[in-house]
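Structure first, commentary second.
Only a predicted model underlies this, so the values are computations on that prediction, with no experimental measurement involved.
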Amino acid sequence: MTRRSGTRRAKWLTALLALGAAMALAACGSDLGGGANEGEVTTAEATGTVGGELVISQWPFYIDRKTVPEFEDEAGVKVDYIEDVNDNNEIFAKLRPDLQNGESADRSIIVVSDWMAKKMYDLGYLQDLDKDAIGEVNENMLDSLKSPSIDPDRSYTVPWQSGLTGLVVNTKEAPDVTSINDIFDPQYKGKVTVLTELRDTVPLIMKADGVDPQDATTQDWLDAIDKLDEAVKSGQIRKLTGNDYTDDLARGDAVVTIGWSGDAIQLQADNPDINFVMPDEGCILWSDNMVVPVGAPNPDAAYAFMNYVYDPANQAQIAAYNNYITPVKGVQEIFQADEPELAKSELIFPTDEYTGNCSTQTDPPADGEQEVEERWQQLISGG
């Protein structure tokens, strides 16, 4: 597999400090009521006995083929690893009927983005973690990730990976694409996709129009959505997608997409012309998190898995596969000894220079958030 790497020694903690500090993302959509436990928080207490079955809901392209079976052998746990997270809102809608009744649909770990984790927690759908049961996590988590504003004490979230939202491009078919505005270039009409994730796609459109997402007004968000709507209706944009935009790239149906950094590396296994392109305007920085839902049947196995993937050697195996920003100390040192090109990768250890124009994920203004969310859903649904 071809791996994209940088040319400088990584100095990337500043980017993660900014990411950890800026994720003040509130729950969205006042029409989405909570369940019986709204406002109540329980702790998923560990019993000290690890075994049984562990069901995990996860995004695709996020783990190598060895880690899960090796964990099963070491921990004596049977893992049902389900790659059913295609979009944060999709997995929320899928699991919400169970969660609002205090049940987890058999899941003991779900992986969602920062803003969705906060939303689910505020609705009473997640449990606090038994911090005494995750010693490896506590010891090996990067200091820059230990106190995000969505969860200052890491009471209910454990970072899985962080990453960059930018352009994923077939550079053979679209060699000159460097800007988000290139998705509107008529030569790529019908060959463009953008993500259904509001907080990834719309801030990039605003950045390309010279609007700082952190300072954007409700009207700025709505104007960016209207711009996308026009491009969809004209056929310029093929469709809005979740993580399955990778299928369009792999088939050649799309050549320019708004997508996620590590996905490009996975797609290179079959097509080395597919690359992550840092937009001229900069990227969007984000984190995905492991959370334990209410009604989780096996917190002990969940904690064992969290500890396992926070062992630097095990984490290095995962990061070498997915090429996302690792949350674990010591991985870069392992790569420096064993895989020096990965130790220089801008996708795993981004430098300050590489992410200098990037922004962290942000919500629309609170007083206009519902209006923006509703307009976005209209666009996604074709309304």
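No side-chain donor-acceptor contact under 3.5 Å links Thr193 and Asp248. Side chains of Glu103 and Asn101: no donor on one and acceptor on the other come within 3.5 Å. A donor-acceptor contact under 3.5 angstrom links the side chains of Tyr321 and Gln266, judged on distance only. A donor-acceptor contact closer than 3.5 angstrom is absent between the side chains of Gln361 and Glu197. For the residue pair Asn88 / Ser113, a side-chain donor-acceptor distance below 3.5 Å is found, with atom types taken as modelled. Neither side chain, Tyr245 nor Asp253, offers a donor N or O lying under 3.5 Å from an acceptor on the other. Donor-acceptor pairing under 3.5 Å is lacking for the side chains of Glu346 and Thr355. With hydrogens and angles left out, the side-chain atoms of Gln219 and Glu371 include no donor and acceptor closer than 3.5 Å. Side chains of Ser108 and Asn298: a donor-acceptor N/O pair is absent below 3.5 angstrom, by distance only. In the model, Asp130 has no side-chain atom that pairs as donor or acceptor with a side-chain atom of Thr43 under 3.5 Å. Side chains of Asn275 and Gln268: a donor-acceptor N/O pair is present below 3.5 angstrom, by distance only. Donor-acceptor pairing under 3.5 Å is lacking for the side chains of Ser179 and Asp280. Side chains of Thr217 and Asp220: a donor-acceptor N/O pair is present below 3.5 angstrom, by distance only. Counting only N and O atoms by type, the side chains of Gln377 and Glu373 include no donor and acceptor under 3.5 Å apart.
Atom CD1 in Ile150 sits 12.0 Å away from atom CE in Met116 (nearest 0.5 Å). Taking CZ of Arg375 as the reference point, atom CD1 of Ile380 lies at 11.0 Å (rounded to 0.5 Å). Residue Lys207 holds its NZ atom at 7.5 Å from CG of Leu204, rounded to the nearest 0.5 Å. Rounded to the nearest 0.5 angstrom, Met278 CE and Asn357 CG are separated by 8.5 Å. Taken to the nearest 0.5 Å, the CG atom of Leu347 stands 5.0 Å off from the CD1 atom of Ile265. With rounding to the nearest 0.5 angstrom, the CG atom of Asn322 is 9.0 Å from the OG atom of Ser261.
A continuous path of hydrophobic side-chain contacts links Ile180 to Ile225 [ILVMFWY only; heavy atoms under 4.5 Å]. Hydrophobic clustering, with ILVMFWY side chains joined whenever heavy atoms are under 4.5 angstrom apart, keeps Val55 apart from Val291. If you chain together hydrophobic residues whose side chains sit under 4.5 Å apart, Tyr188 and Leu249 fall into the same group. In the hydrophobic clustering of ILVMFWY residues, with side-chain heavy atoms under 4.5 Å counting as a link, Ile334 and Met141 come out apart. Cluster membership check: Val41 shares its hydrophobic cluster with Tyr156, using side-chain heavy-atom separations under 4.5 Å among Ile, Leu, Val, Met, Phe, Trp and Tyr.
Remark: side-chain polar atoms of Thr351 are paired, donor with acceptor, to backbone N or O of Tyr354 under 3.5 angstrom. The closest donor-acceptor contact from the side chain of Asn86 to the backbone of Asp244 lies under 3.5 Å. Not one N or O on the side chain of Trp221 forms a donor-acceptor pair closer than 3.5 Å with the backbone of Pro213. Between the Ser147 side chain and the Pro152 main chain, a donor and an acceptor come within less than 3.5 Å of each other. For Glu83 (side chain) and Gln58 (main-chain N/O), no donor-acceptor pair under 3.5 Å exists by modelled atom type. Side chain of Thr201 to backbone of Leu195: a donor-acceptor contact under 3.5 angstrom is found. Between the side chain of Asp300 and the backbone N or O of Thr47 there is at least one donor-acceptor pair closer than 3.5 Å. Remark: side-chain polar atoms of Asp273 are not paired, donor with acceptor, to backbone N or O of Asn271 under 3.5 angstrom.
Sorted by first and then second residue, the pairs that involve residues 293-319 and meet ring-ring contact (aromatic ring centres under 6.0 Å, His included), not counting sequence neighbours, are Phe71-Phe305, Phe71-Tyr308.
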Yes or no on side chain to side chain contact (heavy atoms under 4.5 Å, CB included) for Asn323 and Leu342, after CA distance, side-chain angles and deciding distance?
CA-CA 8 Å; Asn323 280 244; Leu342 287 180; 4.0 Å; yes
Dump the intermediate steps for side chain to side chain contact (heavy atoms under 4.5 Å, CB included) on Phe349 and Lys344, then the final yes or no.
CA-CA 7 Å; Phe349 309 105; Lys344 296 183 291 183; over 6 Å; no
Dump the intermediate steps for salt bridge (Lys or Arg N to Asp or Glu O under 4.0 Å) on Asp114 and Arg199, then the final yes or no.
CA-CA 11 Å; Asp114 283 282; Arg199 292 157 183 81; over 6 Å; no
Candidate pair Thr165 and Ile258, rule side chain to side chain contact (heavy atoms under 4.5 Å, CB included), full reasoning:
CA-CA 7 Å; Thr165 307; Ile258 290 179; 3.9 Å; yes
Check step by step if side chain to side chain contact (heavy atoms under 4.5 Å, CB included) holds for Asp128 and Tyr121.
CA-CA 9 Å; Asp128 279 340; Tyr121 187 75; 2.8 Å; yes
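Using a 4.5 Å heavy-atom threshold, the side chains of Asn307 and Val137 count as touching. For the pair Ile134 and Asn138, the minimum side-chain heavy-atom distance is below 4.5 Å. Side-chain contact between Asp73 and Glu70 is absent, with no heavy atoms from C-beta onward closer than 4.5 Å. Proximity of Val309 to Gln161: side-chain heavy atoms (C-beta onward) are nowhere separated by under 4.5 Å. For the pair Leu99/Val294, a side-chain contact is recorded, criterion being any heavy-atom separation below 4.5 Å from C-beta on.
Salt bridge status for Lys118 with Asp363: absent, with no side-chain N to carboxylate O gap under 4.0 Å. The existence of a salt bridge linking Asp209 and Lys227 is confirmed by a sub-4.0 Å separation between a basic side-chain nitrogen and an acidic carboxylate oxygen. Between Lys131 and Asp153, none of the side-chain N atoms (NZ, or NE/NH1/NH2) sits under 4.0 Å from a carboxylate O, so this pair counts as no salt bridge.
Across every non-hydrogen atom of Phe184 and Ala231, the tightest pair is CE2-CB, 3.8 Å. Contact detail for Pro297 and Arg107: the closest heavy-atom pair is CD-O, 3.5 Å. Contact detail for Thr218 and Gly368: the closest heavy-atom pair is OG1-CA, 3.4 Å. Scanning both residues, Ser57 and Asp84, for their nearest heavy atoms gives OG-OD1, 2.9 Å. Ala46 and Ala133 make their closest contact through CB-CB, 3.7 Å (heavy atoms, listed as atom of the first residue, atom of the second, distance).
Within 6.0 Å of CZ in Arg251 there are more than 12 heavy atoms belonging to other residues, nucleotides or ligands. Taking a 6.0 Å sphere around CG of Asp106, one finds it holds 12 or fewer heavy atoms contributed by other residues, nucleotides or ligands.
For the pairing with Ile318, the side-chain contact (heavy atoms from CB on, under 4.5 Å) check across Asp64, Thr326, Val331, Val328 returns one residue only, Asp64.
Taking the six-membered ring for Trp and thresholds of 30 and 60 degrees, Trp160 and Tyr62 have ring planes inclined between 30 and 60 degrees apart.
Between Trp59 and Trp260, the ring centre distance stays below 6.0 Å.
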